[in-house]
Number of protein chains: 2
Amino acid sequence: MSRQGTTAGGAGGGAQRRATVVDVARLAGVSTATVSRVMNRNYPVAAATRERVESAMRELGYVVNAHARALAGASNRTVGIIVSELVDPFYAYIARGVEREASEGGRLCLICCHQGDPQRELAFIELMHERRADAVVLVGGSVDDRAYKAELARRARELDAGGSKLVLCGRPSLGDDVPTVGVEYDNEGGAFALTDHLITQGHERILYLGGPPGLSTAHDRLVGHRRALELRGLPRDPQLEHPGPFSRTFGYRRMVELLRDGPAFTAVFGANDNVAAGAAQALEEAGVRVPQDISLVGYDDVPVAQELRPRLTTVRIPLEEMGRQAVRVAIGGDDEDDWRAPTTGTLRLGTHIVVRDSVARAPRRG
Amino acid sequence: MSRQGTTAGGAGGGAQRRATVVDVARLAGVSTATVSRVMNRNYPVAAATRERVESAMRELGYVVNAHARALAGASNRTVGIIVSELVDPFYAYIARGVEREASEGGRLCLICCHQGDPQRELAFIELMHERRADAVVLVGGSVDDRAYKAELARRARELDAGGSKLVLCGRPSLGDDVPTVGVEYDNEGGAFALTDHLITQGHERILYLGGPPGLSTAHDRLVGHRRALELRGLPRDPQLEHPGPFSRTFGYRRMVELLRDGPAFTAVFGANDNVAAGAAQALEEAGVRVPQDISLVGYDDVPVAQELRPRLTTVRIPLEEMGRQAVRVAIGGDDEDDWRAPTTGTLRLGTHIVVRDSVARAPRRG
DNA sequence: ATGAAAGCGCTAACAG
DNA sequence: CTGTTAGCGCTTTCAT
């Protein structure tokens, strides 16, 4: 394992001193200002000089220090994304939108997963603020807790005071007096449409499964569901509402229990596709046919919806687009002058039902 | 839109001057050194003083500037992840491992997707180097191109010279003289085992579908497949090998074509689960039963493998664990002294077949 | 077209 | 226990 520092750049392993502008300047026989100018191409430099500087940089293996650069004034070209779980397609697609939009704007993304813990979420916002991210995108529903919201508002103000923006992506605003921007989609309306679709097919007893109580997304969907019931004059039976995690596992387990000793129903509304997928598995294992015996719907239209057999009827959300808009709405109106960028603007994206094969007319009542 | 610095921190919208250590120090009536000490808790400070400083920080809405901190010496506590696609579960699970391990070590992750473009990948490595990431994790197979590899080696050396590490996660080493660390799993062996499993079940004509030619992962899997064939004395029919993207779409389309006018076969080996999922759909639509008529296997054991009906027999890779090890192997032996951390160590993780329901004995030959 | 020098905000010796 | 001070590497006026 012998090693002999032959190459410029050092012999590896330790933290040798990296080349700096000063080194480059010296080697090229110019001033540091000139080096800076050739890097940033924002000022005329003689071709010959540029040539020498660039070759010096190459020879030294020079790589500019982004921290020094950020400190000296330039934006650090970073946007932060905070999600609860990276492997969940719902978040993954939004994150992809954020990443692509950021990347196209020459920015890099800081990402982190709080795994459903509001405290971690808050801590991550702080970390990204320390890094002076141009924007911090908070993805997904938020918990309904007074102290938490107050803390969030405080962070939003701090961020704003420094010229950054807190972006609420898929969650309600914190109030007009809190400087945030947002990108939303319609949870209430989508759920309403879905339940209405079910009712139209003759379903009157619809099992509602999943959605953490206290999470904004879950709350809105449930409200939409109830509104549809009400509008059609159907009773709301608490026995049919089963809040819980947005997870496949929950959908599966609860469905198994309910199949064993639950109330009667002809359709199942999974609060998201994951829950519906879990329910589908339980139904399958119990020998219940979808949609002949029981109809099933989900929400989000993530890939699993098309993977399921029968394919799942669900609500499509423009996930990736939301991610893109999140950074656009935060960055777009921020460096362009102070062009009256709405400090508290909220963009609302549309959703729509995707009818596939998991819903049929309700069986004749016994 | 008048603004009147009423609140500490300003009234929002623009880039007000943020509070700095100097401001805090002044307000608390101490020196900046003391402020630094209370923040870092790395040096004794009188309780009363600390109290005053902390309250000053609160009052000013002070948030430390990570760039200044990084510049002044401390590590910036960042690890970079470079994947080709965030929403692909293969990458998502590895990324999750990286993120969790990093997060547990108090680090934040920079992430980016090159979408299969080696040039973008290289560019991102540079960007992360500029940010002085402690480690840059390159995830997934690499293209077999001389110039590309040389460039990668150069970047690895630069990174190493600065005390960072390039981590090769799921791709071959660049050679003993290139300072990288790596975490691998066995592509060749897993494919060998899978094909052998198929042969044991009486299959002699196995269609091999997908895997971009020139991508290391794809190459190794194909080699394993061929070796199993050879070892059992089965002929290798070029007609049965159909390289292509690692995508569901490719699996579907090519399967459709092959079903129409391809050679005879009794089993399909999808180079990964995505391809297998696509093939499964084509098979289903063509009325071909799996596994009675045709057996099907995949690789990776991502969630879709369990979603498919019948459930897919595949090879399990410890995806998340690979991600965790990637940062461990890069960070672990780096700040602990210069404890002869192997500069070019490669960790190899095990894989194993997961037998589910998509393989049956080959139908009697007609 | 190029150079000199003043910071950016923080940490880390080194003194008290 | 606390203050002073010298950088860290880069950008950016202001000169030349």
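Values below: all heavy atoms of this structure, side chains included; hydrogens, waters and symmetry mates excluded.
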* To do: Tell me yes or no: between the side chains of A:R18 and B:H129, is some donor less than 3.5 Å from an acceptor?
  => yes
* Atom pair distance, as rounded to whole Å: CG in A:N76 and P in D:dT11 -> 13 Å
* Whole-Å distance between D:dT12 C1' and A:L71 CG? -> 14 Å
* Rounded distance (Å) that lies between atom P of D:dG9 and atom CE of A:M39 -> 13 Å
* **Presence of salt bridge, A:E158 and A:R154, under 4.0 angstrom** => yes
* Asked: For A:V64, which contact category applies under a 4.0 Å heavy-atom criterion: base, sugar-phosphate, or nothing?
  -> sugar-phosphate
* Reference residue A:R131; test side chain to side chain donor-acceptor pair (under 3.5 Å); the match among B:N65, B:N76, B:T78 -> B:T78
* Determine: side-chain N/O of B:Y43 to OP1/OP2 of D:dG3, distance under 4.0 Å, yes or no. => no
* Structure fact -> Contact span of DNA chain C against chain A, any nucleotide atom under 4.0 Å from a heavy atom, 5' to 3', runs C:dA1 to C:dG9
* Asked: For B:V30, which contact category applies under a 4.0 Å heavy-atom criterion: base, sugar-phosphate, or nothing?
  -> sugar-phosphate
* No-hydrogen, no-angle side-chain donor-acceptor test under 3.5 Å, B:S164 and B:D160 -> no
* Would you call B:R171 and B:E121 a salt bridge, using N to O less than 4.0 angstrom? -> yes
* Under a 4.0 Å N-O cut-off, is there an ion pair linking A:R50 with A:E54? -> yes
* Is the distance from OP1 or OP2 of D:dT11 to the nearest side-chain N or O of A:S36 less than 4.0 Å? -> yes
* To do: Could you pick out which residue, B:T49 or A:N40, lies toward the 5' side of DNA chain D when each is mapped onto its nearest nucleotide?
  => B:T49
* B:N42 has an atom CG; how far is it from atom P of D:dC1, in whole Å? -> 14 Å
* Atom CG of B:N65 to atom P of D:dC10: distance rounded to whole Å? -> 16 Å
* What is the nucleic acid contact for B:A33, judged by heavy atoms within less than 4.0 Å: base, sugar-phosphate only, or nothing? -> base
* Are side-chain heavy atoms of A:R157 and A:P179 found at a separation under 4.5 Å? -> yes
* Asked: Considering only heavy atoms and no angle criterion, is a donor-acceptor pair shorter than 3.5 Å present between the side chain of B:R37 and the base of D:dG3?
  -> yes
